Amino acid sequence: MSDIANLDVFGGAACLDFANTLDGRGTESPEEYLHTYADLVSWGRYAGVLDESTARRLTGDHPAVLRTALRLREAIFQVFVALGRGQAAPTDSLATVQARYAEAMAVARLAPDGDGFDWRFDGDDPGRAWWPLAVSAVRLLTAGPLDRVKVCAAEAGCIGLFVDTSKNRSRRWCTMDGCGVDAKVQRQARRRRDARTA
Ligand SMILES: [Zn+2]
C-alpha cells in the first residue's frame with residue numbers, strides 16, 4: 001500500500017495536490033494513494049484540507065463517497081492538465097466539477113476569515129472530505145492564476161500538476177528532488193553518451 005506520507009504536496013493548490021494523489025500517471029503503473037475513505041481523510045489532513053479534529057471525526061468506510069471523490073479528482077485532473085497544456089478544458093469534466101461544487105456550496109457557510117470571509121463546512125458528513133476540493137478547483141478556475149498552472153516537464157512519467165509561483169515563471173518540475181533530479185541525470189547520461197560517440 002502506498003504511504004500517504006511519501007507523497008509530495010507540491011501543487012500549490014489543494015485541488016492540484018488532490019489530482020496528484022494518482023502519481024506517475026504517464027507510467028505503466030500509476031501509483032494510487034487513495035484506496036479507502038480513510039486514505040482520503042488522512043490525505044486531507046496531510047495536505048491541510050481538513051483540520052485535525054475534523055479528520056478524527058470523519059470515520060467509517062464510505063465507498064460511495066470515495067467513488068464520488070475519485071470521480072471529482074479525475075475531472076479536476078482532466079480540466080487542469082488540459083489548461084496546463086494550453087488546451088480547452090473538456091466540457092464533461094468541467095460539468096462534473098461544477099456539479100460537485102454546487103453540492104458543496106449547498107451546505108457551505110460563509111464565515112469570517114482573517115480580514116475577509118470564506119466558505120466553511122461544519123458537521124461530520126462524510127462528504128466533507130471532498131467538499132473543500134471542489135471549492136479549491138472552482139476558486140482556481142475563477143480567480144486563477146490559471147496561466148501559472150503547469151504540467152511537470154517530465155510529462156511522460158509524472159504528469160504532476162502545480163501552480164508555478166516562481167518570480168520568473170521558470171519552474172518546470174513537480175519537485176526538484178524528484179523529476180528535476182531525474183531530468184538532470186538523463187541530461188548527464190546523454191552528454192556522456194554524446195561525448196563517447198563524438
Ligand atoms: Zn514530475
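Quick caveat, the model's predicted, so the values are computed rather than measured.
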Subject >> NZ/NE/NH1/NH2 to OD/OE distance under 4.0 Å, Arg25 and Glu74 >> reply: yes
Discussion item. Hydrophobic clustering (ILVMFWY, side-chain heavy atoms < 4.5 Å, transitive) - are Val79 and Phe162 grouped together?
Written reply: no
(Q) Does this structure show an ion pair linking Arg128 with Asp122, if we count only N-O contacts that are shorter than 4.0 Å? (A) no
State whether the number of non-hydrogen atoms from other residues, nucleotides or ligands found under 6.0 Å of Asn168 atom CG is greater than 12. yes
Rounded to the nearest 0.5 Å, the CZ atom of Phe18 sits from the CG atom of Leu70 at a distance of 6.0 Å
Assess the residue pair Met105 and Val135 against the criterion (side chain to side chain contact (heavy atoms under 4.5 Å, CB included)); give the C-alpha distance rounded to whole Å, side-chain angles, the decisive distance to 0.1 Å, and a yes or no. CA-CA 8 Å; Met105 281 295 101; Val135 174; 3.6 Å; yes
TODO: State, with a plain yes or no, whether a side-chain heavy atom of Asp125 is found less than 4.5 Å away from one of Leu58.
DONE: no
Open item on the list: Keeping Thr96 on the side-chain end and Asp92 on the backbone end, is there a donor-acceptor pair under 3.5 Å?
Closed with: yes
message = Using a strict threshold of under 4.0 Å (side-chain N to carboxylate O), is an ion pair present between Arg172 and Asp164?
response = no
Heavy-atom nearest pair, Tyr37 first then Gly60, reads CD2-O, 3.5 Å
*Quick check: does any side chain N or O of Thr68 sit under 3.5 Å from a backbone N or O of Ala64, one acting as donor and the other as acceptor?*
yes
Open item on the list: Is there a side-chain contact between Leu83 and Leu141 in this structure, where contact means two heavy atoms from C-beta onward sitting under 4.5 Å apart?
Closed with: yes
Would the number of heavy atoms belonging to other residues, nucleotides or ligands and lying under 6.0 Å from CD of Glu103 be above 12?
yes
Exercise for review: For Lys150 and Arg171, indicate whether the former's side chain and the latter's backbone hold a donor-acceptor pair under 3.5 Å.
Suggested key: yes
Q) Does a side-chain N-to-carboxylate-O contact under 4.0 Å join Arg57 and Glu52? A) no
- Strictly by modelled atom types, are Asp39 and Ser42 linked by a side-chain donor-acceptor pair under 3.5 Å? no
Test item: Leu7 and Trp43 side chains (from C-beta on) under 4.5 Å apart, heavy atoms: yes
Inset, instruction - Give a yes-or-no answer on whether the side chains of Thr165 and Arg148 include a donor-acceptor pair shorter than 3.5 Å. - result: no
Check: Val151 and Cys158 side chains under 4.5 Å, non-hydrogen atoms: no
Val97 and Ala75 have their tightest heavy-atom pair at CG2-CB, 4.0 Å
message = What I'd like to find out is whether the side chain of Pro132 reaches to under 4.5 Å of the side chain of Val49, using heavy atoms alone.
response = yes
Checking the side chain of Asp8 only, and the main-chain atoms of Phe10 only, is there a donor and an acceptor separated by less than 3.5 Å? no
Whether Arg85 side chain and Ala88 backbone form a donor-acceptor pair below 3.5 Å
no
Scanning both residues in full, the closest heavy-atom pair of Phe117 with Pro112 reads CD2-N, 3.5 Å
Fill in: Side chain to side chain, Ile159 and Phe77, heavy atoms closer than 4.5 Å
yes
Kindly indicate whether the side chain of Asn20, heavy atoms from C-beta on, has any atom under 4.5 Å from the side chain of Cys174. no
Check your understanding: What's the verdict on side chain to side chain contact (heavy atoms under 4.5 Å, CB included) for Arg45 and Ile4, showing C-alpha distance, side-chain angles and the deciding distance?
Key -> CA-CA 10 Å; Arg45 176 70 196 114; Ile4 284 165; over 6 Å; no
Shared hydrophobic cluster, Leu72 / Val41 (ILVMFWY, side-chain heavy atoms < 4.5 Å) = yes
- [ ] Examine Arg109 relative to Phe121 and say whether NZ or CZ is less than 6.0 Å from the centre of the six-membered ring and inside a 45° cone about the ring axis.
- [x] no
Closest non-hydrogen contact found for Ala13 with Leu140 is CB-CD2, 4.1 Å
Judged by atom type as modelled, is there a donor-acceptor pair below 3.5 Å linking the side chain of Asp51 to the main-chain atoms of Thr54?
-> yes
Separation between CZ (Arg100) and CD1 (Ile76), nearest 0.5 Å, reads 11.0 Å
d(His35 NE2, Thr21 OG1) to nearest 0.5 Å is 10.0 Å
Separation between CD (Glu32) and CG (Asp23), nearest 0.5 Å, reads 10.0 Å
* To do: Determine whether Arg73 and Leu22 make a side-chain contact, defined as any pair of heavy atoms from C-beta on separated by less than 4.5 Å.
  => yes
query = Does Trp131 offer a backbone N or O that forms a donor-acceptor pair with the side chain of Tyr101 under 3.5 Å?
reply = no
To the nearest 0.5 Å, atom CZ of Phe80 lies from atom CG of Leu146 at 6.0 Å
When rounded to the nearest 0.5 Å, the distance separating CG of Leu66 from CG of Leu40 is 6.0 Å
